[in-house]
Structures are given as structure tokens and as C-alpha cells.
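Here is the structure we will look at.
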2 protein chains.
Amino acid sequence: MPALPAPDSMDAAPAAASAGPAFSPLYRQIKALLVKSLNSGEWKPGELIPSEQELASRFGVSQGTVRKAIDEMAMENLLTRRQGRGTFVATHAEQNIQYRFLRLAPDKGPASGMARHFMDCRRMRAPAEVARALELKPGDSVLQIHRTLSRMGRPVVLDEIWLPATPFKGLTADRLAQYAGPMYGLFETEFGVRMIRAEEKIRAVAADARTAEILQVAVGAPLLNVERLSHTYHDKPVELRRGWYDTSTHYYRNELN
Amino acid sequence: MPALPAPDSMDAAPAAASAGPAFSPLYRQIKALLVKSLNSGEWKPGELIPSEQELASRFGVSQGTVRKAIDEMAMENLLTRRQGRGTFVATHAEQNIQYRFLRLAPDKGPASGMARHFMDCRRMRAPAEVARALELKPGDSVLQIHRTLSRMGRPVVLDEIWLPATPFKGLTADRLAQYAGPMYGLFETEFGVRMIRAEEKIRAVAADARTAEILQVAVGAPLLNVERLSHTYHDKPVELRRGWYDTSTHYYRNELN
DNA sequence: CAGTGGTCTAGACCACACC
DNA sequence: GTGTGGTCTAGACCACTGA
């Protein structure tokens, strides 16, 4: 009955490392189409997407099927549902779901924002590990950003951020400093790159001389080292971030579910 | 139409710090009943629960409503659905969903299991912070366990585990050592306590003399300090765990979604 | 008020596991 | 084959938003 193209199974099939067409239900095909529209920029972050009824008739399926597709996408933080208003493309520019990526909380006091200071933003050839992580060709152009986060005037975080030069052409330290709100919000509005998901590798390391000076700690002091690889739609990596956190008055919070 | 008791709204209502009855849909009431059955031990970890049809007729609702309740519980890892077989109570004793709580991975090689060594298991009065975390009265009896995890013969993790003595009466280091499989599996089968969810606070710290000797690192070496508070049904805290991880050849992996 | 997402129902059929 | 969960549909009504 539904008039859809081939049941391509390009979606989450956890157990499928083997062959086989791996049956893909209708709602996943709908979901794939919706993700495609998000990725192409047809609907931008913060915008309202068509109603479930309209999408249902557009795709020639029932509202329930569209609903199930949207349900999954809402759970993955791709979309945000608001009863009575509609369904919106999720965005990092909102205040409500903040601190989704910065997991550092102070030992005492509220988890208020931290003061940002951008030290530099340089363009250079990608070092080997950076190129590998970002799936670039060796020698491709990348941006390297250094910044700190401070609370109560004391630096707590030093970040080294690597971005592929291609989608982020024209990004400067000034541009970063002038933008109010989360960095990932700027990436969305200015460069059309939305961060969806990230993996982090966390270690305890000893502060080297340069880091110690910036964070105002002793050389050799224990620091939390967080290496984050962030992805946009379709699991494409677009940011490598290395952070050094002074955890003497802050901690990294995590939830295991 | 549905013949259910009062629409008690004791479930996840994130925005409700204010007053109001906070309308609770049918499927959440069903979910609350199912959680109650799990908590009471009517269905034990690993067991098959009644089919959706049977639950639907038992509660006097449609299958779709039961389905939605079970969907949420499956997402929270309370239940596991298996097509063609039925719905089972989730358990830590299974091999498939391992490493849900131990997030430490080796830099190279597969994330194979680690050798456990239990150093001691003592009964004592709860220190103030432990009592507070576990919501016990000051001076209540608790168990303190020390253990290490090793890979390739080298110690990587030192854990200090605090458990309330009441549900865990009779737990000994021998009992722990003899049980094959994850510790939380033993807690389920022997003591009827299932860990559902945990919060972790992570820091980088310098190794003290005692820890350094156990982990065979230098005094002052940077270690990952992980403080975990684990909860069972209804968010009741039942375990406080403090871990020190040597991250020179391992890292703590995390996913941000 | 109209329009949206949210809930609930009833029934059909499919995919899968076990006998 | 029988029984389970998984998908899909169609329609009704509820709760919420904003004009």
C-alpha cells in the first residue's frame, strides 16, 4: 500500500554485520527521509517542521507511522516536540537543555555559566591523528582553537579544539568571542553544522608546564583530560576537542542508565 | 472507561515542582503497577513476564496501552523485549549488555574481562558521608569492601564499595570471590537487589601512599577518581562506590547524546 | 476557536522463536 | 502450527497553544 522507494536498510541495525537485506520497517524509512531533510538544511535548527498529518499524507502513510519515526528522532535529540505547537528541529541555541555537552559542575553553588576566553584560532595542516579522527586526508586544512573557561575569575578548563577548515571557513577568535551563547549554537547558525552526538575518552594526567601555567596549578598536578569527538548527522565527525579540567573545585558528572 | 485506581502521578514529571494533580496518562499508571511488581519481586530478574495480551486484559486496557508502558520500561533497561519469545525482566547476569557500568576500556586490545581480587569485606558503622549518600541513619551498619581489577596481571582499578548491611546481610569476601560473573548479578540473585541507574562524579587526583602501593604506581601519580551512587527501583540508593583508576593504559569512555 | 501533538482503542498482518 | 512481540492502519477523543 505505501508508495515508498526500495526498503533501503541504511539505519540502525545493531546485530547486522553479516549479509542480508535486514528488513527495514516503514517508520524507519520515513525517519531516514526526515534525517535527510534535516541534513540538507531543508529545515534549520529551531524551525517548525510540518505537522504529523501533513507528513503522513505527503509520504502516503498513516499518522501513527510518522509519529513513531518522530518519536525516535525526538529521543535522539534531533527533534523537539511541543504539545499544541508542533515539532521543531532541535538546537543548541536554546537555554533549556543546556549543559548537555559540558558535564563539569562546581562542588558548591549553582551550575551557572562560565566565562570564556579565546586565546587563538589558527589555520594549519592537520596533524596525523587529527586527520584520522576527523576522517580528512593527511595535510587537509584545519582550524585549531585554544580557549579557557573560568569561574569566579579562576581558570578551570583549557580546551584545544580542532575543526575541518572546509565547513568552518571564516571562523576567527573575534567571531567566537563576540557570539553570546554556546559555541555549538554558533556552529549551527553561522556554518550550518549541528552537533548530534559525541564520544569522550577520559583520563587523569599530570599537568605539563604550559597547561599548568594557563590553569594556574602546579606542574604535575592531576588534571582530567577529556578527548571528545563530536559528530553531525549520519555519524560524520566534525570536531575533535581535547580538554584539560582542573577538578579541585569541580567534578565531571555522568549518568549510567 | 478503564477500571483503574486513582490516577496517582508518582512518575517522572520533570517540570513539576509546583502544585497540581499533574495528569497521568493510563500507560503511566500501568507502568507504575508493573514497576511495583518488579520491586516486590513478583517477577525476578531474567524471568518472563506475562504477554502483552494477558496484561492488557488483566488491567482492562488495550494491548497498545500496555505496549507503550513496556516500551518505556524497556528503554530504561527495566525490561528486555525479545521478538517471538516474550518480555523478560532485565538482569545484570547476562553477557550481552555487559560493561554498562564499568566504562573502562584498554587502549589496545579487546575490552575483555578483568581479573577480580577481593581484599576485604568488613561490617562497620556508617561514616557520616556514607550514611548521607545511602540515606541511612547515622551509625547504621554498613559493609565496606575493597577490591582490585587487573588486566594482564597488572592492577588497574581499586574500588572501595559501601553497602547497607540490611539487604546485604551475609555477604563475605569469599562469597564475592566464588561468584563468577558481574557483582551486580550476585546482588540480584542472592539479595534481590537490582541496580537500575547510577550517578558518577569524576575527578583527577594524586595517588596517596596506600593507593599507589596497591596500584603499583608512584605516589602522586594522577589517577581517575570515580564516585558512584547506584540506585534500585524508585531511585532508592543502595551502593556507594569509590574507584581509583590507573588511566595510563586505559581510558574511561563516555557517550554524549 | 482551529490546529497541534498526546492518548487510547481495535483490528489486521508480519517477523520470529519454539515445538 | 501456535504464540510472542513488531508494524501499520483508522478513527476517536483529550490536552495544550495561540490567535
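A note on names: the letters A, B, ... follow the listed sequences, proteins ahead of strands, and every chain is numbered from 1.
- In terms of position along DNA chain D, the nucleotide closest to Gly86(B) lies nearer the 5' end than the nucleotide closest to the other residue of the pair Gly86(B) and Gln63(A).
- dG6(C) atom P lies 11 Å from atom CG of Leu79(A), rounded to whole Å.
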- [ ] Dump the intermediate steps for ring-ring contact (aromatic ring centres under 6.0 Å, His included) on His92(A) and Phe187(A), then the final yes or no.
- [x] CA-CA 9 Å; His92(A) 289 281; Phe187(A) 290 175; 9.3 Å; no

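- Rounded to whole Å, the distance from CZ on Arg28(B) to C1' on dT7(C) is 12 Å.
- Look at CD1 on Ile30(B): it is 13 Å from C1' on dT9(C), rounded to the nearest Å.
- Between the CG atom of Leu55(B) and the C1' atom of dT4(D) there is a distance of 13 Å, rounded to whole Å.
- Comparing dT7(C), dG5(C), dG5(D) against the side chain of Lys68(B) picks out dT7(C) as the nearest.
- Applying the side chain to side chain donor-acceptor pair (under 3.5 Å) rule to Asp159(B) yields the partners Arg147(B); only residues at least two apart in sequence or on another chain are considered.
- When the side chain to side chain donor-acceptor pair (under 3.5 Å) test is applied to Gln63(B), the partners found at least two apart in sequence or on another chain are Glu52(B), Gln53(B).
- A search for salt bridge (Lys or Arg N to Asp or Glu O under 4.0 Å) contacts involving Glu135(B) returns nothing, not counting sequence neighbours.
- Counting to the nearest Å, the P atom of dG6(D) and the CG atom of Leu26(A) are 17 Å from each other.
- OP1 or OP2 of dG3(D) has not a single side-chain nitrogen or oxygen of Ser51(B) nearer than 4.0 Å.
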Would you tabulate the pairs of protein nitrogen or oxygen atoms and nucleotide nitrogen or oxygen atoms of nucleotides 15-18 of chain C closer than 3.5 angstrom?
| from | atom 1 | to | atom 2 | distance (Å) |
| --- | --- | --- | --- | --- |
| dA15(C) | N3 | Gln83(B) | OE1 | 3.1 |
| dC16(C) | O4' | Gln83(B) | OE1 | 3.0 |
| dC18(C) | OP1 | Arg85(B) | NE | 3.1 |

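- For Ser62(A), no side-chain nitrogen or oxygen approaches OP1 or OP2 of dA10(D) to under 4.0 Å.
- For Arg67(A), taking side-chain heavy atoms from C-beta onward, the closest of the listed nucleotides dT9(C), dT4(C), dT7(C) is dT7(C).
- The OH-P distance, from Tyr27(A) to dT9(D), rounds to 13 Å in whole Å.
- Ring geometry, Tyr184(B) versus Phe101(B): the interplanar angle exceeds 60°, so the pair is classed perpendicular (tilted spans 30 to 60°).
- What separates CD of Glu72(A) from P of dG5(C) is a distance of 18 Å, to the nearest Å.
- Residue pairs meeting the side chain to side chain donor-acceptor pair (under 3.5 Å) criterion with at least one partner in residues 39-50 of chain B, sequence neighbours excluded, are Ser37(B)-Glu42(B).
- Per the geometry, NZ belonging to Lys31(B) stands 15 Å off C1' belonging to dT7(C), to the nearest Å.
- Residues meeting the side-chain contact (heavy atoms from CB on, under 4.5 Å) test with Ala105(B), sequence neighbours left out: Tyr251(B), Arg253(B).
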